[in-house]
Amino acid sequence: MAFMNAVTIAGVGETEYSKNSGRSELQLSLEAISRALEDAGIDRKEVDGLLRWSVDTSPEATVAANMGIEDLAWFGEISQAGNVGAALIANGAAAIHAGLANVVVIYRGVNGRSGRRYGRGDVTGRSGRGAAAYSEPFGLLTPQHGLALMARRRMFETGVTSAQFGMVAVTERGHANRNPRATFYDTPLTLDDHQNSRLIVDPFHLFDCCLETDGGGAIVLTSTDRAKARPGPSAMIRAAAQGGYSSHGFTDTAAVALAPRLWKQAKVDPSEISVAQIYDHFAPFVVFALEDYGFVLRGEGGEFVSSGEITWESGSLPVNTSGGHLSEAYMQGMNQLIESVRQARGESTSQVRDAQFSFVDTGIGTGAVVLERGE
Amino acid sequence: MSDYLWVRPANLTLPDPDENSVEFWEGLKQGKLLLQVCGVCTQTNYPPMVMCSGCAGFDFEWREAEGGGVLYSYVVTHQPIHPSLVDYTPFLTALIELDEGPRVTSNIINIAPERAKIGMRVKLELFQVNSEITLPLFVHE
């Protein structure tokens, strides 16, 4: 089936995360790419594939020119928005698996705080054209508006509460407090802080919302055979699947459609996953993903979170162990992909012991990856 | 009843009708909320589609909505996402499930945001923005 460990994430790299990087998005990507290649022990001349988010502003030809790539054999991008990181892994791995490229680099450089800001609708919103003609004129202006509308209905249907969402934020902050790279490394968060924080788009409080971050990240994919040159445990791609549109119900995330395909491909079931990174653009969606991927039954996610099951190290499924988008950085899935690699290799600041299978979703159903530790 | 009346932010996005939606917006100008009904399989679409997802047909008819529905979900914008919204928050955006089935994103103009309750009955109230654009808004009955 599909990948089954034939392709490995051989290297990861990132810049510091900040509110004002002071340099271009292109430079952030190139710095991260250099670190990822160094981590992989692969020379930049070996790179023959490039892959990016379509919202990334650094074209592959520009990146290739700066890297001195001699023959760019394969490249691509995936549309939508920040939510396609795992889908990029699936596509890059497919290119390697098909023999179209030998070393694929996935990159994201973004001045998400000092430059164009998602939270203000700088990147999406305010066109009034196409489908937006039926939403924006009534005030659904940013990604969080539509997601809050869905979250409210799901609260109504399942009984999940704002305080349970708050425990996602509190748990992730605890993980960030162990991670020196995290934006909120030095700042604790209590449930009272969450509940008393101002409403942004009700039902979302401030601390339900992800950060806006400047930074860069990169991932190097290659065949598992080629990746063996790097010493130590490795992050093999056991399964990777893409999703993003389904005609399921209003309160179903796209994970409802993707999950059966992922678990079938991986030949493992959710109970065998030791640690998970889940796209937390908004805290409630961690609860919804836990349910829609089948880690818990629908309606049980809130209790699962508030009873400590996603907390390192006592919980049965630690989630967003670097602090996630809420407390480490909002790198649109890139930092979560990197953290999933750390977990597979045994390098996390909140390392889950004996984590044979590591799960990462970067868009609540737009894409998900199961990594397996290789020795 | 309430004496609350929502004021629509002056610079909030207006719809920019395209070739697929011109009849819909023309209908509102004439005082009707039109639902697109497939001429073959009778599936009702909102917003209007280009091809019927039920039967892959391209022939549609328009049927005027009765105007009644219930509040299916809602959000309240507190943070002024854009400088033009500063004087208008908090405001309510509602998802209305029409009695005919389709769900319509809109605003309920006669209740304060904190009084919104899923399941409450609402009724269509057209709101003329200018000579070109009329929006389908709702009032709590």
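These numbers come from a predicted model, not from an experiment. Order of the sequence lines fixes the chain letters, A, B, ..., with proteins taken first and strands second; residue numbering starts at 1 for each chain.
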Exercise: identify the closest heavy-atom pair between N107(B) and P137(A)
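Scanning both residues completely, I find the closest heavy atoms to be OD1-O, 4.4 Å.
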
Tell me if a side-chain donor or acceptor on S73(B) pairs with a main-chain N or O of R152(A) at a distance below 3.5 Å.
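Not at all, since once roles are kept as given, no pair shorter than 3.5 Å links the two residues.
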
Hey, are the side chains of [X] and [Y] touching, using non-hydrogen atoms and a 4.5 Å cut-off?
| X | Y | answer |
| --- | --- | --- |
| R153(A) | L95(B) | no |
| Y134(A) | P136(B) | no |
| T77(B) | L141(A) | no |
| R129(A) | P15(B) | no |
| F138(A) | L135(B) | yes |

Within a 6.0 Å radius of atom [atom1] on [X], are there more than 12 heavy atoms belonging to other residues, nucleotides or ligands?
| X | atom1 | value |
| --- | --- | --- |
| E114(B) | CD | yes |
| R298(A) | CZ | yes |
| N130(B) | CG | yes |
| K19(A) | NZ | no |
| E64(B) | CD | yes |

Gap separating the NE2 atom of H145(A) from the OG1 atom of T105(B), nearest 0.5 angstrom:
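H145(A) NE2 to T105(B) OG1: 11.5 Å, rounded to 0.5 Å.
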
Once rounded to the nearest 0.5 Å, what's the spacing between atom CD of Q79(B) and atom CG of D202(A)?
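It comes to 13.5 Å.
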
Can you tell which of V201(A), I200(A), L140(A) has the highest number of heavy-atom pairs within less than 4.5 Å of chain B?
I200(A)

Just do the side chain to side chain contact (heavy atoms under 4.5 Å, CB included) check on L14(B) and E136(A) with the steps written out, would you?
CA-CA 7 Å; L14(B) 287 176; E136(A) 290 176 8; over 6 Å; no

Please check if the distance between the ring centroids of F156(A) and Y72(B) is under 6.0 Å.
no

Where on L137(B) is there a heavy atom nearer than 4.5 Å to chain A: the side chain, the backbone, both, or neither?
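Interface part for L137(B): side chain.
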
